[in-house]
Protein chains: 2
Amino acid sequence: MKRGFDKFRAFLRGHGLILTKTRELVFREIFSFASPHPNAYEIRDRLLKKGHRVSLATIYRTLNLLVRSGLVSSIDLGENHSHFEPERTRTAHGHLICLSCGRVREFSHADIREAIVKIGRAKGYRLDKFSIQVFGFCERCGKA
Amino acid sequence: MKRGFDKFRAFLRGHGLILTKTRELVFREIFSFASPHPNAYEIRDRLLKKGHRVSLATIYRTLNLLVRSGLVSSIDLGENHSHFEPERTRTAHGHLICLSCGRVREFSHADIREAIVKIGRAKGYRLDKFSIQVFGFCERCGKA
DNA sequence: TTTAATGCAAACATTTTGCACCCTG
DNA sequence: CAGGGTGCAAAATGTTTGCATTAAA
């Protein structure tokens, strides 16, 4: 996503930070959607497989920058660590997590989004973002 | 909630476990709603103030039992640890979290609940539970 | 050349676990 | 008395940070 990358560069510049090779690698890995909701370790491993050795410390630091810039959001999939995904305001979506096999599917919810915006407005909040996690058993696992 | 307590006792019995004084204390603390979404440390401190010294290990062990029994749900409020609250299927609600002051308010969403159930059904999932977190700035903090 | 970025290891925070001892049925 | 429960301390995660070194403008 060229647009996103430019935004990242602008964010860095605006904060007196530099666009480095490493930051670009992390950015591109997330925005490649190679795995839809990677965690920090997955990002590290994927980069390593491509021959890029980036430390977890740097990955976390870059992830924090991306989250602060609004380009990436950190999501909770019911595990004990964070997952990350490109922020896509246009295509509002939630996550459907199978409690048995762990599979994560997305679902869109433009209608739900509207309902939430309305709720926020009614309570006087300036909304930033929201997330929805739905837990259950997928078709395959549900047979049990 | 008498009903809930009976359910806890039944769950324990059904798993060859015992209802002890300590487990009852943790259960009652959560269901007292003294603080609406306590984390493990808050539960420990509240019990301590009432003169009950319970170790964090036991609190976590009991919380896990309560979550497994379906009586309590673990929620993510955007901090780095879990919060817990009594499960209330009837009064479906989400959490509205202020990014500035951290205040957490609840909102009900019977309509959203229906939309989600419909989505789950369409995808062949047997739903267990879902959670919605909305982040923004509350009226007071939004002025800035 | 100057300032920030990186890797490493140590520090942190949260949660889990092993083990000796305690309680409960 | 037997089996699970508890506290303590140690281990296991996931994430952040201090510091010496490296790289970018």
Side-chain angles (χ1 to χ4, degrees), chain A residues 5 8-30 37-48 50-69 72-85 102, chain B residues 8-30 37-48 50-69 72-84 102:
Chain A
F5 191 59
F8 186 35
R9 183 161 21 209
F11 172 84
L12 292 173
R13 198 169 300 154
H15 287 74
L17 303 173
I18 296 170
L19 174 61
T20 63
K21 193 75 198 277
T22 310
R23 283 179 179 154
E24 182 167 348
L25 282 170
V26 174
F27 175 93
R28 293 204 183 283
E29 182 55 43
I30 294 176
H37 324 96
N39 61 34
Y41 290 78
E42 281 171 65
I43 295 169
R44 195 260 308 264
D45 293 347
R46 283 185 167 280
L47 288 176
L48 195 55
K50 296 178 191 163
H52 306 294
R53 184 199 201 76
V54 181
S55 72
L56 270 175
T58 295
I59 288 175
Y60 276 113
R61 281 189 277 236
T62 306
L63 285 170
N64 286 338
L65 287 176
L66 287 166
V67 169
R68 271 181 251 145
S69 76
V72 164
S73 48
S74 160
I75 57 180
D76 165 38
L77 297 179
E79 301 178 26
N80 320 307
H81 53 258
S82 302
H83 293 246
F84 300 86
E85 70 176 10
Chain B
F8 186 34
R9 184 163 18 213
F11 172 84
L12 291 173
R13 199 169 299 154
H15 287 73
L17 303 174
I18 296 171
L19 174 61
T20 63
K21 193 74 198 278
T22 310
R23 283 179 179 156
E24 182 167 350
L25 282 171
V26 174
F27 175 94
R28 294 204 183 284
E29 183 55 42
I30 294 176
H37 324 96
N39 61 33
Y41 289 77
E42 280 170 63
I43 294 170
R44 195 258 309 262
D45 293 347
R46 285 187 165 278
L47 289 176
L48 195 55
K50 296 180 190 162
H52 306 294
R53 185 200 200 77
V54 181
S55 73
L56 270 175
T58 295
I59 288 175
Y60 276 113
R61 281 188 277 234
T62 306
L63 284 170
N64 287 338
L65 288 175
L66 286 166
V67 168
R68 270 181 253 146
S69 76
V72 164
S73 48
S74 160
I75 56 181
D76 165 37
L77 298 179
E79 301 179 26
N80 318 307
H81 53 260
S82 302
H83 292 247
F84 300 86

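The sequence lines fix the lettering, A, B, ..., with proteins before strands; numbering per chain opens at 1.
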(Q) Counting C-beta onward and ignoring hydrogens, is there a side-chain heavy-atom pair between R68(B) and L65(B) closer than 4.5 Å? (A) yes

Q: From the options H81(A), R44(A), H83(A), select the one residue that forms a side chain to side chain donor-acceptor pair (under 3.5 Å) with N39(A).
A: H81(A)

Q: Could you check how far CG of D76(A) sits from C1' of dT13(D), rounded to whole Å?
A: 15 Å

(Q) Rounded to whole Å, please give me the gap between CD in E79(B) and P in dT15(D). (A) 15 Å

(Q) Using modelled atom types and a 3.5 Å cut-off, is there a donor and acceptor pairing between side-chain atoms of R23(A) and backbone atoms of I18(A)? (A) yes

Q: Figure out the CD/P separation between E42(A) and dT13(D), and round it to whole Å.
A: 16 Å

Q) Do K50(B) and E29(B) come within less than 4.5 Å of each other through their side chains, counting heavy atoms only? A) yes

Q | Separation of atom CG in L63(A) from atom P in dT16(D), rounded to whole Å | A | 9 Å

Q) How close or far is atom P of dT16(C) from atom NE2 of H81(A), stated in whole angstroms? A) 14 Å

Q) Which whole-number value in Å describes the distance from H15(B) NE2 to dG3(D) C1'? A) 17 Å

Q. Quick one: what's the B/S/- string for nucleotides 4-12 of chain C, heavy-atom cutoff under 4.0 Å, read 5' to 3'?
A. SSBBB----

Q: Would you tell me if any nitrogen or oxygen in the side chain of Y60(A) comes within less than 4.0 Å of OP1 or OP2 on dT15(D)?
A: yes

(Q) Run the side-chain contact (heavy atoms from CB on, under 4.5 Å) test against A57(A) and tell me which residues pass, sequence neighbours left out. (A) S55(A), R61(A)

Q) Of all the choices, dT16(C), dT16(D), dT15(C), which nucleotide is nearest to the side chain of N64(A) once you look at every atom? A) dT16(D)

Q: Round to the nearest Å and state the distance from L19(B) atom CG to dC23(C) atom P.
A: 17 Å

Q | Side chain proximity check, T62(A) to V54(A), heavy atoms < 4.5 angstrom | A | no

Q) Can you check the R13(A) CZ to dA24(D) P distance for me, whole Å? A) 16 Å

